[in-house]
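Lettering of chains follows the sequences in order, A, B, ..., and the numbering in each one begins at 1. Values below: every heavy atom of this structure, side chains too, minus hydrogens, waters and symmetry copies. The model shown is predicted, which means the values in this text are computed figures rather than measured ones.
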Number of protein chains: 2
Amino acid sequence: MTVSKAATDKAATDAIKPARSNGKEAVEAAAEGAALQLGELSELLGYSLKRAQLKVFEDFLRCVAPLQLTPAQFSVLLLLDKNPGRNQTEIANTLGILRPNFVAMLDGLESRDLCARMRSANDRRSHILVLTDKGRAVLARAKKLVASKHEARLIELLGPANHTALLEMLSKIAMEF
Amino acid sequence: MTVSKAATDKAATDAIKPARSNGKEAVEAAAEGAALQLGELSELLGYSLKRAQLKVFEDFLRCVAPLQLTPAQFSVLLLLDKNPGRNQTEIANTLGILRPNFVAMLDGLESRDLCARMRSANDRRSHILVLTDKGRAVLARAKKLVASKHEARLIELLGPANHTALLEMLSKIAMEF
DNA sequence: GATATTTGATATAGTGGATAACAATTATCA
DNA sequence: TGATAATTGTTATCCACTATATCAAATATC
C-alpha cells in the first residue's frame, strides 16, 4: 500500500501494448510499454481503502471549494452545531484530533468568524465552543453542497443500496476493528 | 471529517449518563457527561472511510511489525516482485508516489538489502529495480502475516461475502470516482 | 491546605506529500 | 548531423498533518 494523489498520471497515459504471453512475460512486458501488474495489491483492502479515501477527500474539497472548507473543518462545524456547550477537549477527542493540534485549527476557524471560544462560567480553564451566525450560515451552505454534489455523486456511482452497505461496513471497521 | 489515531480515548471513557429529553437537551447534556452526537457525520462516507483506513493501516503495522514493513514499503516489494525490469518512475507512478519522494523510500529499502537499483543497459538514465533474495524472503513472510493475521481478521469481522463486496466498492471508487 | 489532575496552549519533531530545479542521458526533428 | 526538447534520478525545500513533552492557570482530590 502507498497511494497519493499523483498515481496513474503519466504512467497510465503511456502506450499500453497488450503483453504477449510467451516465456519471460513480465520482463518482456517491461521492455515494451505494458501496464504494470498490481498483483496481490488489488486484493489488499488497505490499498483500495487508502486510494478510495484520497479520491473521496479530493472530491469533497472540490465540491465545497467555494466555502473554503476542508473535511476536517467541516466536521468541526458539524459537531459544534450538534453539540453546543462543549469545550475544546471534548470536540477534539470526538474527532480524533489531538488537543495541541486543535488549537491552530480553532484559531483558523475563529479568525474567519465561523466559531468562537467563550470562557466557561463553571470551569474557568475550559473554552466553550460556539458557532457564530456566519458559522451556521456557512455550515448550512456546506451541507447542501456536500449532499447535492459530493454524496450524490457517490450514490450515483455505487447505487443507493450499495452506498448504504458501504457506509455500514466502514463504520463497523472504524468502530469494531 | 477529521480523524487521527487518538479519537475516543479519554472522552469515550467519560461517564455517559443518558441525557434526559427536556427543553435544552444538548446544552443540558453538555452540563452532564453525555457522549457527543455525531449527527450527520455518521452519514458522511468520507468520515467513516478515513477512520476505517486509519484502523486498517494501524492493524497492518501491528501484524507485520516483526518485519518492520510499512504498508507503503510492502506495496513496493509486492510490485517489484510482480514487475521485474521496471524503473523507479514506473513503480512510483503506479503506486501514486511522486518520484522525488520515492528516492528516500528506495534508499531505505536498499540500505536494508531488500531491493537494489541496477543501471539499465538500454537507457543509462534509469535504474532497473530488483528484489534481492532477502527482499523476496521478507516479502514471502510478510504476505503470510498479512493473509493469516491482518486480512483474516477483517474477513472475520465482515464475513467473506461482505469483505469481497467492500473491496469491489472501494476499488470502484478508487478507479472511477 | 498539600498534591494531583485537567485545560488550553506552546514548542518541537516526525512523516507524507508537493513543486522547482539540476545534471546526465536520450529523443526529436529541422 | 547538430540544436533543442524531453526524460530520469536526485536534491532542496515547503506545506500539512500527526505526535510528544511541557507549562501556567484552574480545578479536583483527599
J.: For D123(A), report the nucleic acid contact type (base, sugar-phosphate, nothing); a contact means any heavy atom under 4.0 Å.
T.: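 If one applies the 4.0 Å heavy-atom cut-off, D123(A) turns out to touch the sugar-phosphate alone, with no base involved.
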
J.: Just the rounded figure in Å: distance from P of dT6(C) to CZ of F102(A).
T.: 19 Å

J.: Can you name the closest pair of heavy atoms from R99(B) and A92(B) and give their distance?
T.: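 What the structure gives for the nearest pair is CG-CB, 4.3 Å.
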
J.: For the side chain to side chain contact (heavy atoms under 4.5 Å, CB included) test, which of L44(B), L45(B), L49(B) pairs with L167(A)?
T.: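 The residue from L44(B), L45(B), L49(B) that satisfies side chain to side chain contact (heavy atoms under 4.5 Å, CB included) with L167(A) turns out to be L45(B).
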
J.: Q88(A) has an atom CD; how far is it from atom P of dT7(C), in whole Å?
T.: 11 Å

J.: Consider the side chain of N101(A), meaning its heavy atoms from C-beta on, and name the nucleotide among dT10(D), dT18(D), dA18(C) that approaches it most closely.
T.: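 Ranking dT10(D), dT18(D), dA18(C) by closest atom to the N101(A) side chain puts dT18(D) first.
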
J.: H127(A) or S120(B): which one's nearest nucleotide on DNA chain C is closer to the 5' end?
T.: H127(A)

J.: Could you tell me how far apart M105(A) (CE) and dG8(C) (P) are, to the nearest whole angstrom?
T.: 15 Å

J.: Look at T89(A) and dG8(C) and indicate whether a side-chain polar atom (N or O) is within less than 4.0 Å of OP1 or OP2.
T.: yes

J.: Base, sugar-phosphate, or nothing: which does D107(B) touch, judged by heavy atoms less than 4.0 Å apart?
T.: nothing

J.: Write down the distance between CD (E110(B)) and C1' (dG9(D)), rounded to a whole number of angstrom.
T.: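 So the CD-C1' distance, E110(B) to dG9(D), works out to 12 Å.
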
J.: Could you state the CG-C1' distance from L98(A) to dT10(C), rounded to the nearest angstrom?
T.: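 Rounding to the nearest Å, CG of L98(A) and C1' of dT10(C) are 15 Å apart.
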
J.: Check the distance between dT27(D)'s P and N87(A)'s CG and give it to me in whole angstrom.
T.: 13 Å

J.: With distance as the sole criterion, is a donor-acceptor pair present between the side chains of H127(B) and N87(B) under 3.5 Å?
T.: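 No - no donor-acceptor pair under 3.5 Å links their side chains.
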
J.: Whole angstroms only, please: what is the CZ-P distance between R119(B) and dT25(C)?
T.: 8 Å

J.: Taking N and O atoms by type only, does the side chain of R124(B) place a donor or acceptor under 3.5 Å from a partner on the base of dT25(C)?
T.: no

J.: Can you figure out which of dG17(C), dA19(D), dT6(C) approaches the side chain of R125(A) most closely?
T.: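 Among the listed nucleotides, the one closest to the side chain of R125(A) is dT6(C).
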
J.: Would you kindly give the CD1-to-P distance between I97(B) and dT15(C), to the nearest whole Å?
T.: 16 Å

J.: Identify which nucleotide among dA25(D), dT20(D), dA12(D) has an atom closest to any side-chain atom of P100(B), counting heavy atoms from C-beta outward.
T.: dA12(D)

J.: Are any of R117(B)'s side-chain N or O atoms less than 4.0 Å away from OP1 or OP2 of dT10(D)?
T.: yes

J.: Looking only at side-chain N and O atoms, does Q88(B) offer a donor or acceptor that is under 3.5 Å from a partner on R117(B)?
T.: yes

J.: Examine distances only and state if a side-chain atom of Q73(B) and a backbone atom of T70(B) form a donor-acceptor pair shorter than 3.5 Å.
T.: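 Flag set: sc Q73(B) to bb T70(B) pair under 3.5 Å.
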
